[in-house]
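The next block holds one structure in the form of structure tokens; read it before the comments.
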Amino acid sequence: MSQEKKNILSCIQPTGDIHLGNYLGAVQNWVNLQENYNCTYGVVDYHAMNMLYKADQLRQNSWKMVFQLMACGIKAENLFIQSLVPEHSELCWILSNVCSFGELTRMTQFKDKSEQKKESDKDAFISSGLFFYPVLQAADILIYHADLVPVGKDQVQHLELSRNIAQRFNHQYGKEYFTHPEPLLTVNAKIMSLADPNKKMSKSLGEKHYVNIFGDENRIRKQVKSAVTDTGESEGMSAGVTNLFTLLKACNKQEAHDHLMEQFESGTLKYSELKGEVADGLVELCTPIRERYQEILADKKQIKGQIKASSAEIRKTAQKTLREVKDIVGILNPR
Ligand code: TRP
């Protein structure tokens, strides 16, 4: 680890597939950050336990997420699976004592998620894990002394909590031990559904709403072709056309973007031409990712070995932190 580089840490839950919206909104940024920072990225399976799930599926999803992140360009040596670094949950317990009940009750994500569940079923089971998970998130971050945490807006409050926990720990034990992590806000494109451009692209909306970046070229072309352009706006650019221009830019087709934008402004734009350019751009973007994914799937066993090794390597940092923390708080260290 080089000294002058800052530490970056971020994590993703192993739920489902990475689609185009996730890729352009977050994962691509993670890939690029690897050039200039010490990056550590986790597939956080312990976090995925607070909603109903099937044990076998969770294990499969964790590996699938690893394969997909690697296909997108995350280096194996920067990647770990949370359950292969059990120190996170141990640190979580220690940190729970410098996090107040009141702080956790103010987390808007918990309020939103638990209300959503109750709306669909008034007797829904709200686990205390759902309530408590920001403390585990703080442990994920603080255990690697992360300086920067690339996240979306929805995680800013959790980041603030992590900072408060670090501060309170340092104050209580009279030692500037934990780094105060800062969010690195992802300013990337927000990609909307092609079938309903007023909604954010998401897997839960259904098949036709998200672009599978690992899927075949024809499907991508078909989806773009049938993208909704007219959403009933009376003036200005419709949400659907805006989304297509956003995609063009996100695929690095700046020239085509500017050229077609001029046509839009002069009222001569043909949607079929815009769609053709977007489809070409997306196919160019996704083809190498899909090919790498196929290679990885053909070599699963070796890749799993790599990730177990990188997790073991990353674990050394976590173990060092936990040992130091136990010394500070007066807990014994096992041999
Ligand atoms: N809570 C994050 C989410 O739901 C995932 C996450 C867990 C995370 N631990 C983290 C993100 C640590 C950044 C850093 O998306």
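Start at 1 with the first residue, then count along the sequence. In each ligand, atom 1 is the first atom listed, and ligand 1 is the first ligand listed. Only a predicted model underlies this, so the values are computations on that prediction, with no experimental measurement involved.
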Practice task
Flag the pair Asp216 and Arg290 as a salt bridge only when some basic side-chain nitrogen lies within less than 4.0 angstrom of an acidic carboxylate oxygen.
Solution key: no
Fill in the blank from the handout: Checking heavy atoms under 4.0 Å, the part of Ile141 that sits near ligand 1 is side chain
Practice task
Taking only heavy atoms of His47 into account, list the atoms of ligand 1 that are under 4.0 Å away from them.
Solution key: 7 (C), 9 (N)
Exercise for the section: Could you find the nearest protein heavy atom to atom 15 (O) of ligand 1 and give me its residue, atom name and distance? Expected result: Gln155 NE2, 3.6 Å
Exercise for the section: State whether the shortest distance between N or O atoms of Asp140 and N or O atoms of ligand 1 falls below 3.5 angstrom. Expected result: yes
Handout entry: Side-chain (Asn32) to main-chain (Asn29) donor-acceptor, under 3.5 angstrom
Key = no
Problem - Salt bridge present between Lys111 and Glu115 (N-O < 4.0 angstrom) - result: no
Exercise for the section: Find all atoms of ligand 1 within a distance of less than 4.0 Å from any non-hydrogen atom belonging to Ser10, and give their numbers and elements. Expected result: 13 (C)
Handout entry: Electrostatic pair Arg106:Glu103 at N-O distance under 4.0 angstrom
Key = no
Handout entry: Hphob cluster co-occupancy, Tyr23 + Val278, side-chain heavy atoms under 4.5 angstrom
Key = yes
Completion exercise
In ligand 1, the atoms that come under 4.0 Å of a heavy atom of Gln13 are 4 (O)
Handout entry: atom 5 (C) of ligand 1 - nearest protein heavy atom and its distance
Key = Cys11 O, 3.9 Å
Practice task
Considering the heavy atoms of Val149, write down every atom of ligand 1 situated less than 4.0 Å from one of them.
Solution key: 13 (C), 14 (C)
Exercise for the section: May I ask you to check if ligand 1 and His158 share an N or O to N or O distance below 3.5 Å? Expected result: no
Problem - Sidechain-backbone polar pair: Asp45 side chain, Ser83 backbone, donor-acceptor under 3.5 Å - result: yes
